[in-house]
Amino acid sequence: NAGVTQTPKFRILKIGQSMTLQCTQDMNHNYMYWYRQDPGMGLKLIYYSVGAGITDKGEVPNGYNVSRSTTEDFPLRLELAAPSQTSVYFCASNPDEFWDMTGNQPQHFGDGTRLSIL
Amino acid sequence: ELKVEQNPLFLSMQEGKNYTIYCNYSTTSDRLYWYRQDPGKSLESLFVLLSNGAVKQEGRLMASLDTKARLSTLHITAAVHDLSATYFCAVKYYGGSQGNLIFGKGTKLSVKP
(Lines give C-alpha, C1' and ligand atoms only; values in the text may rest on other atoms or scores of the structure.)
Protein backbone atom coordinates (compact mmCIF):
# COMPACT_ATOMS: atom_id res chain seq x y z
CA ASN A 1 0.00 0.00 0.00
CA ALA A 2 1.76 3.13 -1.26
CA GLY A 3 -0.30 5.72 0.69
CA VAL A 4 0.27 9.29 -0.53
CA THR A 5 2.80 9.64 -3.34
CA GLN A 6 4.28 12.96 -4.41
CA THR A 7 6.41 13.71 -7.46
CA PRO A 8 8.92 15.14 -8.04
CA LYS A 9 10.90 15.02 -4.77
CA PHE A 10 13.11 17.95 -5.72
CA ARG A 11 12.87 20.68 -8.33
CA ILE A 12 14.60 23.92 -9.18
CA LEU A 13 12.65 26.48 -11.19
CA LYS A 14 13.52 29.82 -12.68
CA ILE A 15 11.38 32.85 -11.86
CA GLY A 16 8.34 32.97 -14.12
CA GLN A 17 8.37 29.28 -15.03
CA SER A 18 5.40 27.08 -14.33
CA MET A 19 5.12 23.54 -13.07
CA THR A 20 2.73 21.00 -11.62
CA LEU A 21 3.36 19.09 -8.42
CA GLN A 22 1.73 15.70 -8.56
CA CYS A 23 -0.04 13.96 -5.69
CA THR A 24 -1.83 10.64 -5.78
CA GLN A 25 -3.26 8.43 -3.04
CA ASP A 26 -4.44 4.84 -3.19
CA MET A 27 -6.50 4.77 0.02
CA ASN A 28 -9.75 5.95 -1.57
CA HIS A 29 -9.74 9.04 0.66
CA ASN A 30 -12.18 11.79 -0.22
CA TYR A 31 -10.30 14.59 1.52
CA MET A 32 -7.01 15.80 0.09
CA TYR A 33 -4.83 18.78 1.01
CA TRP A 34 -1.83 20.77 -0.13
CA TYR A 35 0.42 22.43 2.44
CA ARG A 36 3.62 24.40 2.27
CA GLN A 37 6.27 24.37 4.96
CA ASP A 38 8.72 27.23 5.16
CA PRO A 39 11.95 26.83 7.16
CA GLY A 40 11.34 26.79 10.91
CA MET A 41 7.60 27.05 10.47
CA GLY A 42 4.57 24.85 10.70
CA LEU A 43 2.52 23.84 7.71
CA LYS A 44 0.14 26.24 6.03
CA LEU A 45 -2.82 25.07 3.99
CA ILE A 46 -2.81 26.12 0.34
CA TYR A 47 -5.84 24.32 -1.09
CA TYR A 48 -7.98 21.37 -0.14
CA SER A 49 -10.60 19.14 -1.72
CA VAL A 50 -13.45 17.17 -0.17
CA GLY A 51 -14.04 15.03 -3.23
CA ALA A 52 -13.67 14.79 -6.97
CA GLY A 53 -14.71 18.03 -8.62
CA ILE A 54 -14.69 20.05 -5.39
CA THR A 55 -11.82 22.28 -4.31
CA ASP A 56 -11.49 25.24 -1.97
CA LYS A 57 -8.89 27.75 -0.85
CA GLY A 58 -6.90 27.42 2.33
CA GLU A 59 -4.83 30.03 4.16
CA VAL A 60 -2.29 30.82 1.42
CA PRO A 61 -3.78 30.11 -2.04
CA ASN A 62 -2.34 33.04 -4.02
CA GLY A 63 -0.09 31.94 -6.89
CA TYR A 64 -1.43 28.37 -6.95
CA ASN A 65 -4.20 26.43 -8.63
CA VAL A 66 -5.55 22.93 -8.11
CA SER A 67 -7.91 20.49 -9.75
CA ARG A 68 -9.50 17.25 -8.61
CA SER A 69 -10.80 15.24 -11.53
CA THR A 70 -10.46 11.87 -9.75
CA THR A 71 -10.52 10.68 -6.16
CA GLU A 72 -6.91 9.57 -6.43
CA ASP A 73 -5.18 12.65 -7.88
CA PHE A 74 -4.83 16.21 -6.61
CA PRO A 75 -2.22 18.15 -8.61
CA LEU A 76 -0.98 21.60 -7.54
CA ARG A 77 0.00 24.07 -10.24
CA LEU A 78 2.32 27.06 -10.00
CA GLU A 79 1.73 29.33 -12.97
CA LEU A 80 4.38 32.04 -12.57
CA ALA A 81 6.97 30.88 -10.09
CA ALA A 82 8.25 33.50 -7.65
CA PRO A 83 11.08 33.27 -5.08
CA SER A 84 8.50 33.50 -2.28
CA GLN A 85 7.21 30.10 -3.38
CA THR A 86 10.48 28.40 -2.45
CA SER A 87 9.31 25.90 0.14
CA VAL A 88 8.64 22.26 0.89
CA TYR A 89 5.22 21.18 -0.33
CA PHE A 90 3.28 18.37 1.32
CA CYS A 91 0.20 16.63 0.07
CA ALA A 92 -2.06 14.85 2.56
CA SER A 93 -5.29 12.89 2.61
CA ASN A 94 -7.82 11.45 5.02
CA PRO A 95 -11.22 9.77 4.82
CA ASP A 96 -14.52 11.63 4.87
CA GLU A 97 -14.68 12.93 8.44
CA PHE A 98 -18.47 12.84 8.48
CA TRP A 99 -18.28 9.06 8.68
CA ASP A 100 -15.35 9.01 11.05
CA MET A 101 -17.15 9.31 14.35
CA THR A 102 -14.11 8.14 16.31
CA GLY A 103 -11.93 10.91 14.91
CA ASN A 104 -9.07 8.46 14.76
CA GLN A 105 -8.16 9.28 11.19
CA PRO A 106 -5.31 11.75 11.10
CA GLN A 107 -4.13 13.14 7.82
CA HIS A 108 -1.66 10.92 5.99
CA PHE A 109 1.20 12.89 4.46
CA GLY A 110 3.34 12.31 1.41
CA ASP A 111 7.13 12.65 1.55
CA GLY A 112 7.12 16.19 0.23
CA THR A 113 8.45 18.11 -2.77
CA ARG A 114 11.38 20.44 -2.15
CA LEU A 115 11.02 23.36 -4.55
CA SER A 116 13.56 26.15 -5.08
CA ILE A 117 12.87 29.14 -7.29
CA LEU A 118 15.87 31.13 -8.41
CA GLU B 1 -9.10 33.07 13.19
CA LEU B 2 -7.48 30.21 15.05
CA LYS B 3 -3.92 30.66 16.25
CA VAL B 4 -1.79 27.81 17.57
CA GLU B 5 1.27 28.47 19.69
CA GLN B 6 3.81 25.91 20.77
CA ASN B 7 6.50 26.33 23.33
CA PRO B 8 9.29 25.92 23.59
CA LEU B 9 10.34 26.12 19.94
CA PHE B 10 13.71 24.55 20.71
CA LEU B 11 14.44 22.02 23.41
CA SER B 12 17.75 20.41 24.21
CA MET B 13 17.45 17.57 26.69
CA GLN B 14 19.73 15.04 28.26
CA GLU B 15 18.88 11.40 27.98
CA GLY B 16 16.87 10.15 30.91
CA LYS B 17 15.25 13.50 31.69
CA ASN B 18 11.57 14.43 31.55
CA TYR B 19 10.07 17.43 29.82
CA THR B 20 6.78 18.84 28.54
CA ILE B 21 5.91 20.60 25.28
CA TYR B 22 2.92 22.94 25.39
CA CYS B 23 0.38 23.72 22.67
CA ASN B 24 -2.06 26.59 23.18
CA TYR B 25 -4.82 27.49 20.76
CA SER B 26 -7.06 30.52 20.58
CA THR B 27 -10.57 29.34 19.67
CA THR B 28 -12.80 26.37 20.34
CA SER B 29 -11.97 23.11 18.62
CA ASP B 30 -12.83 19.49 19.17
CA ARG B 31 -9.76 17.81 17.69
CA LEU B 32 -6.07 18.16 18.28
CA TYR B 33 -3.29 16.20 16.62
CA TRP B 34 0.36 15.66 17.43
CA TYR B 35 2.80 14.86 14.64
CA ARG B 36 6.48 14.02 14.53
CA GLN B 37 8.81 15.10 11.72
CA ASP B 38 12.36 13.83 11.28
CA PRO B 39 14.77 16.05 9.31
CA GLY B 40 13.98 15.98 5.60
CA LYS B 41 11.09 13.61 6.15
CA SER B 42 7.32 13.74 6.13
CA LEU B 43 4.99 14.05 9.10
CA GLU B 44 4.09 11.01 11.14
CA SER B 45 0.90 10.99 13.19
CA LEU B 46 1.45 10.39 16.91
CA PHE B 47 -1.84 11.16 18.67
CA VAL B 48 -5.39 12.28 17.99
CA LEU B 49 -7.11 13.91 20.97
CA LEU B 50 -10.85 14.39 20.76
CA SER B 51 -12.31 15.34 24.09
CA ASN B 52 -11.64 17.30 27.22
CA GLY B 53 -9.42 15.31 29.54
CA ALA B 54 -8.28 12.94 26.79
CA VAL B 55 -4.95 11.32 27.52
CA LYS B 56 -3.04 9.04 25.18
CA GLN B 57 0.30 7.33 25.68
CA GLU B 58 2.70 5.62 23.34
CA GLY B 59 6.03 4.53 24.74
CA ARG B 60 7.81 7.50 26.33
CA LEU B 61 5.32 10.04 24.97
CA MET B 62 2.05 11.05 26.59
CA ALA B 63 -0.37 13.62 25.21
CA SER B 64 -3.27 15.28 26.98
CA LEU B 65 -5.97 17.78 26.09
CA ASP B 66 -7.76 20.41 28.17
CA THR B 67 -10.36 21.99 25.91
CA LYS B 68 -11.48 24.49 28.55
CA ALA B 69 -7.96 25.87 28.87
CA ARG B 70 -7.38 25.34 25.12
CA LEU B 71 -4.16 23.57 25.98
CA SER B 72 -2.54 20.33 25.00
CA THR B 73 0.68 18.93 26.40
CA LEU B 74 3.13 16.38 25.08
CA HIS B 75 5.10 14.89 27.94
CA ILE B 76 8.38 13.10 27.37
CA THR B 77 9.47 10.60 29.96
CA ALA B 78 13.10 9.47 30.31
CA ALA B 79 14.11 10.85 26.93
CA VAL B 80 16.24 8.81 24.55
CA HIS B 81 18.18 9.94 21.48
CA ASP B 82 15.64 8.34 19.11
CA LEU B 83 13.09 10.93 20.20
CA SER B 84 15.11 13.72 18.60
CA ALA B 85 12.79 15.26 15.99
CA THR B 86 10.46 18.21 15.48
CA TYR B 87 7.03 17.84 17.08
CA PHE B 88 3.99 19.69 15.76
CA CYS B 89 0.59 20.15 17.23
CA ALA B 90 -2.30 20.88 14.87
CA VAL B 91 -5.81 21.97 15.75
CA LYS B 92 -8.95 21.42 13.74
CA TYR B 93 -10.45 24.77 12.76
CA TYR B 94 -14.08 25.07 11.71
CA GLY B 95 -14.01 28.73 10.78
CA GLY B 96 -14.30 28.09 7.06
CA SER B 97 -16.69 25.93 5.10
CA GLN B 98 -14.81 22.79 6.12
CA GLY B 99 -12.57 21.97 9.00
CA ASN B 100 -8.91 22.51 8.32
CA LEU B 101 -5.80 21.91 10.38
CA ILE B 102 -3.89 24.87 11.79
CA PHE B 103 -0.34 23.92 12.74
CA GLY B 104 1.94 25.30 15.40
CA LYS B 105 5.50 26.25 14.43
CA GLY B 106 6.88 23.05 15.89
CA THR B 107 9.21 22.18 18.75
CA LYS B 108 12.64 20.98 17.69
CA LEU B 109 13.76 18.44 20.26
CA SER B 110 17.38 17.37 20.57
CA VAL B 111 18.20 14.61 23.04
CA LYS B 112 21.85 14.38 23.96
CA PRO B 113 23.70 11.55 25.70
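In what follows, every heavy atom counts, from backbone to side chain, and hydrogens, waters and symmetry copies are set aside. All figures in this text were calculated on a predicted structure; none of them were measured in a lab. Every chain is numbered from 1 and lettered A, B, ... according to where its sequence line falls, protein lines coming before strand lines.
Linking Ile, Leu, Val, Met, Phe, Trp and Tyr residues whenever their side-chain heavy atoms come within less than 4.5 Å places Leu21(A) and Met32(A) in a single cluster. Cluster annotation: Val88(A) is connected to Phe88(B) through the hydrophobic network of ILVMFWY side chains, with a link wherever side-chain heavy atoms come within less than 4.5 Å. A single hydrophobic cluster is seen to contain both Leu61(B) and Ile21(B), as judged by linkage of ILVMFWY side chains at heavy-atom distances under 4.5 Å, directly or through other members. There is no path of hydrophobic side-chain contacts, each under 4.5 Å, that joins Val60(A) to Val91(B). Follow the hydrophobic side-chain contacts under 4.5 Å out from Met62(B) and you never reach Met13(B); the two are in separate clusters.
In this structure the side chain of Ile102(B) reaches within 4.5 angstrom of the side chain of Glu59(A), judged on heavy atoms. Residues Leu101(B) and Tyr35(A) form a side-chain contact, since some pair of their non-hydrogen atoms from C-beta on lies under 4.5 Å apart.
For a residue to count as touching a neighbouring chain, one of its non-hydrogen atoms must lie under 4.5 Å from one of that chain's; by this rule Leu43(A) touches chain B with backbone and side chain alike. For Gln6(A), no part lies under 4.5 angstrom from a heavy atom of chain B. Heavy-atom distances place no part of Gln6(B) under 4.5 Å from chain A, backbone and side chain included.
The 12-atom threshold is not exceeded at CD of Glu5(B), counting heavy atoms of other residues, nucleotides or ligands nearer than 6.0 Å. More than 12 non-hydrogen atoms from other residues, nucleotides or ligands lie less than 6.0 angstrom from CD1 of Ile54(A).
Of the possible polar contacts, none joining the Ser45(B) side chain to the Pro106(A) backbone as a donor-acceptor pair under 3.5 Å is found. At distances below 3.5 Å, at least one donor-acceptor pair connects side-chain atoms of Tyr35(B) with backbone N or O atoms of Gln107(A).
Residue Gln37(B) holds its CD atom at 9.0 Å from CZ of Phe109(A), rounded to the nearest 0.5 Å.
Shortest non-hydrogen contact noted between Lys92(B) and Tyr33(A) is NZ-OH, 4.2 Å. Nearest heavy atoms, Arg114(A) versus Lys41(B): NH2-N, 3.8 Å.
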